[in-house]
Amino acid sequence: MKILVTGAAGFIGSTYVRNVLDTSDDAVVVLDKLTYAGRRENLRDVEDRIEFVEGAIEDRDLVLDLTDGVDAVVNFAAESHVDRSIADQDAFARTHVIGTSVLLDAAREHGVGRYLQVSTDEVYGSIERGTFTEESPLNPSSPYSATKAAGDLLVSSHVHTYGIEAVITRGSNNYGPRQYPEKLIPLAVLNALHGDSLPVYGDGRQVRNWLYVEDFARAIDLALRHGVAGEVYNVGGPDETANIDVVRRILALTERDESLIEYVTDRPGHDRRYSLSSAKIRELGWEPSRRFQEGLAQTVDWYRDNEWWWEPIRSGEYREYYERQYGRKLA
Ligand code: NAD
Ligand code: DAU
């Protein structure tokens, strides 16, 4: 196949591209806008095995051009950080709603065989007890998740109205190498390595369902190739962990003292708990390869060994973001 992968200069998309190149003979074209979170460095080791196009998924002419002759589209392109969506949601609506609509139109016009929308468990909202299945109603809480849900609904509408062969995957919180340090785990790891405090929102008892990034990448590929058109597949990590316990484990792995924990003002509208049933994707043969304890230790080692990757981030736009978000300078 020739696959157009959007947003693949980011954290999960770049992992996905590596997985496709390692496991198939497929040709990969990447379309990425290179926002603050998109980095060519994330594809450095596979640069000569892909075609890279810098551009936005909402650019209709460009997308029509790129989807001509393509067999499949996998859409990772997104603004992915909840806190940024609370501060300013414009780019979220543009990319998740307009961008998804443009991609779907182009896929329809060129008769693209398969379309996969990479979505999130956040579209279901928060769940105090129990577990979300694919039949659970959408109840998003933040501008990030509301615009992602809108993208999902557009995909379903194109399946029903035009018969597009589209599949949606909804993943839980990913972690692993190359995640931008605005997210809890890389932020906490880098702050701990620098002896800086670790900000914990509210009481720190919010629960997330941590999924190693390579496991999500494998699930997406499985759903692209073997998922039933029109279906949604939840992909949840094997462990549910409260944020405060995540932070404590990171402090232990970096041999830092718990006095570095700093409770800060809670995120507005903060979802308390996410929990997914992955029974349906497991029926396709997927299972997670790593428990959180093991994956987190590997992730800490990766950040410790790859200063070349994070140093330019910590000395750039991220510094201003950090100050705006946390009301103090990065150490
Ligand atoms: P990321 O922020 O690391 O990467 C997003 C990429 O999309 C970047 O390379 C960015 O430049 C690109 N992009 C943004 N807007 C674009 C546009 N308009 N046109 C083209 N490219 C654009 O995000 P990530 O964590 O890798 O997330 C990838 C996808 O997975 C997103 O759709 C996200 O909603 C979904 N997801 C993420 C998680 C998670 O825990 N990170 C979990 C489940 C689902
Ligand atoms: O659940 C899937 C989602 O996971 C993806 O769709 C999103 O793209 C991804 O960003 C992630 O969203 P979260 O908001 O859950 O991830 P984040 O790493 O921002 O926060 C994880 C938890 O940690 C959340 O409860 C908020 C909390 N937190 C986060 C930061 C950045 C803190 O306590 N302190 C922090 O400084």
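One-based numbering, in listed order, for ligands and for the atoms of each.
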- line: In this structure, OG of Ser145 is separated from CG of Leu138 (nearest 0.5 Å) by 10.0 Å

message: Are any of the N/O atoms on Thr95, whether in the backbone or the side chain, positioned under 3.5 angstrom from an N/O atom of ligand 1?
response: yes

message: With a heavy-atom distance limit of 4.0 Å, tell me whether Ala91 approaches ligand 1 through its side chain, its backbone, both, or neither.
response: neither

query: Do Ala8 and ligand 1 have an N or O pair less than 3.5 Å apart?
result: no

query: Of the choices Gln206, His270, His81, which has the non-hydrogen atom that lies closest to atom 24 (C) of ligand 2?
result: His270

message: If I apply the N/O under 3.5 Å rule, does Gly10 come out as touching ligand 1?
response: yes

query: Hey, is Tyr180 one of the residues with a heavy atom under 4.0 angstrom from ligand 1?
result: no

- request: Could you establish whether Ser172 and ligand 1 come within less than 4.0 Å of each other, counting only heavy atoms on the residue side?
  value: yes

query: Which part of Thr35 is near ligand 1, with near meaning a heavy atom under 4.0 Å away: side chain, backbone, both or neither?
result: both

For ligand 1, the portion of Arg94 having any non-hydrogen atom under 4.0 Å away: neither

task: Just do the side chain to side chain contact (heavy atoms under 4.5 Å, CB included) check on Phe292 and Thr299 with the steps written out, would you?
output: CA-CA 10 Å; Phe292 185 50; Thr299 302; over 6 Å; no

field: Residue, atom name and distance, where the atom is the protein heavy atom closest to atom 13 (P) of ligand 2
entry: Glu122 OE2, 3.4 Å

message: In this structure, does ligand 1 have an atom that sits under 4.0 Å from one of the heavy atoms of Gly55?
response: yes

message: Tell me the contacting part of Asp121 for ligand 1: side chain, backbone, both, or neither, using a 4.0 Å heavy-atom threshold, strictly below.
response: neither

query: Any N/O of Tyr144 closer than 3.5 Å to an N/O of ligand 1?
result: yes

task: Could you list all the ring pair (Phe, Tyr, Trp, His ring centres under 6.0 Å) pairs where at least one residue sits in residues 46-78, not counting sequence neighbours?
output: Tyr16-Phe76

message: Does ligand 1 come near enough to Lys148 that some N or O of the ligand is less than 3.5 Å from an N or O of the residue?
response: yes

message: Counting non-hydrogen protein atoms only, what is the nearest one to atom 29 (C) of ligand 2? Give residue, atom name and distance.
response: Tyr201 CE1, 3.5 Å

message: Run Asp105 and Arg60 through salt bridge (Lys or Arg N to Asp or Glu O under 4.0 Å) and show every step you take.
response: CA-CA 9 Å; Asp105 272 356; Arg60 189 170 289 272; 3.2 Å; yes

query: Any nitrogen or oxygen of Ser119, main chain or side chain, under 3.5 Å from a nitrogen or oxygen of ligand 1?
result: no

